[in-house]
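Numbers restart at 1 for each chain; the letters A, B, ... are given by sequence-line order, proteins then strands.
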Amino acid sequence: MSEKLILIDGNSLAFRAFYALPLLKNSAGIHTNAVYGFTLLLEKIIKDEQPTHFLVAFDAGKTTFRHETYQDYKGGRQKTPQELSEQFPYIRKLVEAYHIKHYELPNYEADDIIGTLSKEATANGMKTIIITGDRDLTQLVNEHVSVYYTKKGVTDIDHYTPEFVRDKYGFGPEKIVDLKGLMGDTSDNIPGVPGIGEKTAVKLLLEYGTVEEVIAHLDDIKGKKLHENLTNHQADALMSKELATINQDAPLAITLAETKLTDATNDKKVELFRSLEFKQLLGNIETAPRAEETAVELSSIEEIDLTGRTSVFIDCFKDNYLKNEILPLAVSDGRKVAVVACDAVAAHEALANYLMDPSKPKVVYDAKKTTVLLNRLGVEIKGIAFDITLASYLLDPSNTIIDVAEIARLEGKSLATNDQIFGKGAKMAVPSDDILHGYFAQQAAVVLELAGLLKAKLEGNEQLALHDELELPLALVLAKMEMQGITVNKEELVTMQQELQGRLDTLIAAIHAHAGQEFNINSPKQLGVVLFEELQLPIIKKTKTGYSTAVDVLEALQGKHPIIDDILIYRQLSKLQSTYVEGLQKMIGEDGKIHTRFNQVLAQTGRLSSVDPNLQNIPVRLDEGRKIRKAFTASRPGWVIFAADYSQIELRVLAHITGDERMSDAFIQGTDIHTKTAMEVFGVAKDDVTANMRRQAKAVNFGIVYGISDYGLSQSLGITRKAAQKFIDDYLASFPDVKQYMDDIIQQAKQDGYVATLMKRRRYIPDISSRNFNLRGFAERTAMNTPIQGSAADIIKLAMVNYDKAVQDTDFSAELLLQVHDELIFEVPEEEVEAFSLFVKDIMEHALKLDVPLLVESDYGKSWYDAK
DNA sequence: AGCCACACGC
DNA sequence: GACGTACGTGTGGCTG
């Protein structure tokens, strides 16, 4: 087969890894984060690319041949932190442990080594992949050489191809050096020409081709200042181009043949990982556990001590526990573990009694799933005291928990994964009872072990109450909601489907007629060709794969061609048809209901999400879509759908957290918050707030709540980024305590590494100190926004738990069906609804005492549509 | 099977 | 100056 060479820019990736990962230390006090990140990258590259040849290039020293040309080359760079430079020897050792060659050459940079070898590889018919964190190498891209850039972290990678570069600039990679020649490069202290940034440089190059040609045509250049700068800095431009040019003929003392990878043992890797304490990686090497090694001896259920601390593990095949095949149940008492076939659980009296006894504390992997599965077996489990999935999520919501092995891995333990036992994709199957029972026994044993570790960590974070009093009780409420389901009227959807299909057919015909040909309107690619090539409409925006045909683009084209209006309507209707009208019908069960599942451990802010189907994004904004809600009804005649939603909960939380008086006053006095914001930001009296001012103020409030950037605000208001930034500045000047909070919370994130909600939910913000402008900006907005959105999530969750507890002491027969972030949906007998409304409103408004009032609005009707 | 573009909600 | 800009889920197209 063809040969493939990987070339790694060692210094650049060491820096990336260092800043991407928290400053880890092994017990000997050596910092290891850069080495660790480097290792992850090597693992990923070897696995994904399967190279035949491999080399890591390093920079040799401070001065290079470029310094002869320009003394200040790379001047003004910050010194490499000590914590990183001490890791370089280990990175070299690491590379050697992988039996990968590394090379450095005095007077040259890693870039030149890479450039020279990639040229040689191309000459020998090899494919080359260059991996770096530095954009400089883009110039080497061609059809045989790709450059992969690490984006976020170390293992998130962007692939640069000649087309990518061409799409971005309008010219190929070979002109990158000309670009640098004109615009310079601050990171390498390459001067370029003053007053020329990317925009101007690209324009000039598109017109003249190269720096030399630009200089040759100086007299044609318009703009006095530009002409003057170019004239005065011709030499700088040429020198900058020279500096930016990678040397592809460096005098290397290493040959391509020497970079060939050999089959090697893991000995050195194991030794190094041991000394650096890379436990997880070590676990991966020391072969995946075989059944015999980890097999727990199976006891009969009678031998288990069900009186003390126990764990219960039950699961089903694939992820939908509301309907899929139930697998056995395993119980561990910490010494012995027993596995019972699911059919035998309810029949086994001692076991069933134990499961239903609230005084017998049980530790589980997933309380909601466990509750549902046992309920399906006819057992109402009581006394779940700890959920390791919830615990792991609360400790760090970025943990993506897919199985017990994943939580174990996070705790430095290695064990068989669900994928290993069940297989994945089409090959997924339940294994033999032997394997299955052994696996389940092990799961139960490990769950018990992990519970102790995680509980101690929660305690250390003062998060035990968050688990015990909020998330765990909520899991049981959610289990009930999922099992309850919501009735959906299929006939209603069928009628809508027919109606929509008629309109869609008409639109398709009209669009094809406008286009003069038949094509698939659902294909952005085909649509792009029709709009921008056949019909020659102006290209507003591009995606990385072609023309963008997104709504904002189409709206900008309205009036330019009659096809646009039809496409906009087609888009809207076909989304309704495929996702909702047709999609939801498929989800209606034999009970006439849809049973969504709520994911309690996914959203980084603490919100819930909903899958299979997602009932948190049923249309509401446009009436056309809102009509879908007519199909959602109460399950019994005489009952109604009742919806209660928090009014402006996030902004109320913001007023509470910041203590901002003006904002708080608005809520205390019941002033419309968007109007109030407009009054403050525009400095006008209430009666002088125009509809447009209120609309803009609303968008700014939206931005505050969701942590959008100046760019995001500019997009939503259709204004410039500068104008958007001014809005934000004016807003913060109007609400000084909000401004103070924003500054403080960023400081706090820097200091603690995380931010927290009112209920002590955490979100870690590792990028808060990134020197990457984008990552840092994103991190800052996350820091500002998460306590607001997350506290709002805390409040509605608390309301749900309080409601569930309180309703049991009433005669209400209402059922809680759905949660949509700031809204709860119930079904209620119509005669109860008035009293129930007061009951729910009281619970929701007093879920948590804030310095500003919480306001709940509600309505009811025969369908969700009517409960507006 | 996995990625992309797009669109829905909050 | 900028790598790309609230989150999460589902759909259809396309690619390998």
Sugar-phosphate only, base, or nothing, as touched by A:Thr549 at under 4.0 Å among non-hydrogen atoms: sugar-phosphate
side-chain N/O A:Ser548 vs B:dC6 OP1/OP2, d < 4.0 Å: yes
Touch class at under 4.0 angstrom, heavy-atom based, for A:Ser610 against every strand present: sugar-phosphate
Interatomic spacing from CG in A:Leu478 to NZ in A:Lys368 - rounded to 0.5 Å: 6.0 Å
Phosphate contact (B:dA5 OP1 or OP2) by A:Thr543 side-chain N/O below 4.0 Å: yes
pair A:Arg762-A:Val755: side-chain heavy atoms closer than 4.5 Å: no
Donor/acceptor link under 3.5 angstrom from A:Asp822 side chain onto base of B:dC10: no
Any donor-acceptor N/O pair under 3.5 Å between B:dC8 base and A:Arg621 side chain: no
Nearest-neighbour nucleotide for the A:Asn614 side chain, C:dA6, C:dT9, B:dC8 considered: C:dT9
Side-chain N,O (A:Ser523) to OP1/OP2 (C:dC14) below 4.0 Å: yes
Donor-acceptor under 3.5 Å (A:Tyr646 side chain, A:Met844 main chain): yes
Whole-Å P distance, B:dA5 and C:dG4: 12 Å
Selected nucleotide, minimal atom distance to A:Asn522 side chain, candidates C:dT5, C:dG8, C:dG13: C:dG13
A:Arg571/A:Glu555 ion pair, N-O < 4.0 Å: no
Whole angstrom value for the distance that separates P of C:dC7 from CD1 of A:Ile708: 12 Å
C1' atoms of C:dA6 and B:dC8, separation to the nearest Å: 15 Å
Residues A:Asp178 and A:Lys241 bridged, charged N to O under 4.0 Å: yes
Touch class at under 4.0 angstrom, heavy-atom based, for A:Gln526 against every strand present: sugar-phosphate
Closest to the A:Ala426 side chain, choosing from B:dG9, C:dC3, B:dA1: B:dA1
Presence of donor-acceptor pair under 3.5 Å, side chain of A:Asn774 and base of C:dG4: yes
Between C:dG10 (P) and A:Ile628 (CD1): distance, integer Å: 16 Å
side-chain N/O A:Lys525 vs C:dT15 OP1/OP2, d < 4.0 Å: yes
Rounded distance in Å - CD (A:Glu582) to P (B:dA7): 18 Å
Side-chain N or O of A:Ser578 closer than 4.0 Å to phosphate OP1/OP2 of C:dG10: no
Length of the CG-C1' vector between A:Leu554 and B:dA7, whole Å: 12 Å
Nucleotide nearest A:Lys575 when distance is taken to its side chain, options C:dA6, C:dA2, B:dC8: B:dC8
Chi angles and distances behind the salt bridge (Lys or Arg N to Asp or Glu O under 4.0 Å) call for A:Lys868, A:Asp859: CA-CA 6 Å; A:Lys868 49 194 164 195; A:Asp859 196 9; over 6 Å; no
C:dT5 versus B:dC4 - spacing of their P atoms, nearest Å: 12 Å
Distance in angstrom units between A:Ile796 CD1 and B:dC10 C1', rounded: 11 Å
Side-chain (A:Asp566) to main-chain (A:Ile563) donor-acceptor, under 3.5 angstrom: no
Spacing of A:Asp612 atom CG relative to C:dG8 atom P, expressed in whole Å: 18 Å
Residue A:Val611, side-chain heavy atoms: nucleotide from C:dT11, B:dA7, C:dT9 that is nearest: C:dT9
Gap between atoms CD1 and C1', on A:Ile521 and B:dA7 respectively (whole Å): 16 Å
No-H, no-angle donor-acceptor pair, A:Thr579 side chain to C:dT11 base, under 3.5 Å: no
side-chain N/O A:Thr545 vs B:dA5 OP1/OP2, d < 4.0 Å: yes
Pairing nucleotide - C:dC3, Watson-Crick or G-U, each distance under 3.5 Å: none
Side-chain N,O (A:Asn520) to OP1/OP2 (C:dG13) below 4.0 Å: yes
OP1 or OP2 of B:dA7 under 4.0 Å from side-chain N/O of A:Arg571: yes
